[in-house]
Amino acid sequence: MPFTKMHGCGNDYIYINCFEQYIQHPEKLSKIISDRHFGVGGDGIVLICPVENADAKMRMFNIDGSEGKMCGNAIRCVAKYVYDNNIAKKEVLKIDTLSGVKTIELKVKDDQMYEATVDMGGAILNPSSVPVLIEEEEALIDFPIEIDGATYNITTVSMGNPHCVLFYDDITSINLPIIGPKFEHHPLFPESVNTEFIQVENRTTIHMRVWERGSGETLACGTGACAAVVASVLNGYCDKDTDITVKLLGGELVIRYTDNSVFMTGPAKKVFEGIFQW
Ligand SMILES: N[C@H](CCC[C@H](N)C(=O)O)C(=O)O
């Protein structure tokens, strides 16, 4: 099975062209091929599929086989793949996702690395739409919850997929493999949750680590960076209608939170192509 390995800020996926092949059980394939020792290695797989209402459709599966409803780093790479492989040779592309059709503007920086700006759509703040099971109509902002006897102040945001954002003075010392699953598997989050840990540097710069549902700690999370900037604005650390730099383990994303949409700008890079025997 032919594949293309690509990444956005080190959030790496195995991309499969489903204009040319059909994958019957992507949830099984993701678990096998994502393994860094017995497979290709990645944070999951992304299927690039034909669709009527857009240039292509993206289906993304985490390492555990669960299907993500949106993936910010992957959609930039899908746009690059669609352009490079002449599926749609346009600098403005429309990619369909389980969270609707997104518009991506590509800028070719060099032959292997592109920069893309994605209109990620509006941030969803109503708790029942994130979803988070708390009887509140208003957005959860700096909302205290108790997990295993400890209190955490959470801000919850959906970018088409669920996010829980927390703020710390120092994120370098957080033990994500211990704390991440506590949120990922908590009954408060019926569809599980991606959890972002934020350290604010100034009004235009934040640092982020992330524990992704279904994949664990990744080097970057595009939807998570968007949710983190929305949460930073809601908590008064950053401003709307301003480019905020999100510094991640694998690189940087620039996020702008406006009344209508959240915009994300970042890299998309191809690493190699190959044939997977399975
Ligand atoms: N783990 C996420 C999907 C991947 C999101 C992340 N890699 C991104 O770049 O947005 C979920 O299940 O909601």
Side-chain angles (χ1 to χ4, degrees), residues 9-11 72-73 120 122-127 129-134 136 138-186 188-189 192-213 215-258 262-264 266:
C9 300
N11 188 202
N73 286 316
M120 298 287 281
I124 300 161
L125 303 176
N126 179 297
S129 304
V130 172
V132 50
L133 298 180
I134 282 187
E136 291 281 339
E138 298 301 314
L140 299 189
I141 302 171
D142 199 31
F143 189 90
I145 62 166
E146 195 171 298
I147 299 181
D148 295 349
T151 299
Y152 298 91
N153 287 9
I154 66 172
T155 300
T156 56
V157 180
S158 170
M159 289 305 304
N161 58 353
H163 294 272
C164 177
V165 184
L166 302 103
F167 292 90
Y168 287 75
D169 293 333
D170 173 10
I171 58 173
T172 57
S173 56
I174 300 172
N175 189 337
L176 258 63
I178 296 293
I179 190 170
K182 290 177 187 273
F183 288 89
E184 181 181 11
H185 304 304
H186 198 281
L188 266 179
F189 302 103
S192 184
V193 74
N194 301 285
T195 307
E196 288 79 25
F197 304 84
I198 308 302
Q199 180 177 332
V200 178
E201 182 176 322
N202 58 43
R203 297 197 69 79
T204 57
T205 311
I206 63 174
H207 297 255
M208 174 178 133
R209 289 175 66 195
V210 58
W211 183 267
E212 285 199 28
R213 75 173 172 181
S215 291
E217 182 164 18
T218 60
L219 298 185
C221 177
T223 52
C226 294
V229 168
V230 170
S232 298
V233 170
L234 294 174
N235 283 276
Y237 297 120
C238 298
D239 301 304
K240 265 192 162 181
D241 303 316
T242 309
D243 282 347
I244 308 298
T245 299
V246 182
K247 295 190 171 182
L248 303 128
L249 296 181
E252 295 185 2
L253 292 172
V254 175
I255 310 294
R256 175 181 284 249
Y257 176 28
T258 72
V262 181
F263 295 90
M264 168 189 66

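Just so you know, these numbers use all the heavy atoms, side chains as well, and skip hydrogens, waters and symmetry mates.
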Heavy-atom pair of closest approach, residues V130 and L125 |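 Closest heavy-atom pair between V130 and L125: CG2-O, 4.4 Å.
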Do [X] and [Y] have side chains that get closer than 4.5 Å, going by heavy atoms?
X	Y	answer
N194	E196	yes
Y168	Q199	no
H186	C164	no
F183	W211	no
L166	N153	no
T156	F143	no

Mind checking the [atom1]-[atom2] spacing from [X] to [Y]? Nearest 0.5 Å is all I need.
X	Y	atom1	atom2	result
I198	H207	CD1	NE2	10.5 Å
K247	I206	NZ	CD1	11.5 Å
I154	T195	CD1	OG1	9.0 Å
K182	Y152	NZ	OH	6.0 Å
L140	N126	CG	CG	9.0 Å
F263	M120	CZ	CE	11.0 Å

I174 pairs by side-chain contact (heavy atoms from CB on, under 4.5 Å) with which of L176, T172, D170?
->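 Only match with I174 under side-chain contact (heavy atoms from CB on, under 4.5 Å): L176.
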Does a sphere of radius 6.0 Å around CD in E146 hold more than 12 heavy atoms from other residues, nucleotides or ligands, not counting ones at 6.0 Å or beyond?
->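 Buried by this count: over 12 neighbours within 6.0 Å.
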Does CG in D169 sit with more than 12 non-hydrogen atoms of other residues, nucleotides or ligands closer than 6.0 Å?
->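 Check fails, neighbour count at 12 or below.
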All N/O donor-acceptor pairs, side-chain side in residues 218-235, below 3.5 Å, sequence neighbours left out:
{"residue": "T218", "atom": "OG1", "partner": "E212", "partner atom": "OE2", "Å": "2.9"}
{"residue": "T218", "atom": "OG1", "partner": "A220", "partner atom": "O", "Å": "2.9"}
{"residue": "T223", "atom": "OG1", "partner": "N161", "partner atom": "ND2", "Å": "3.1"}
{"residue": "T223", "atom": "OG1", "partner": "H163", "partner atom": "NE2", "Å": "3.2"}
{"residue": "S232", "atom": "OG", "partner": "A228", "partner atom": "O", "Å": "2.7"}
{"residue": "N235", "atom": "ND2", "partner": "T155", "partner atom": "OG1", "Å": "3.0"}
{"residue": "N235", "atom": "ND2", "partner": "A231", "partner atom": "O", "Å": "2.8"}

With sequence neighbours excluded, what pairs up with T242 under the side-chain hydrogen bond (donor to acceptor under 3.5 Å, both in side chains) test?
->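 In terms of side-chain hydrogen bond (donor to acceptor under 3.5 Å, both in side chains), with neighbours along the sequence ignored, T242 is linked to no residue.
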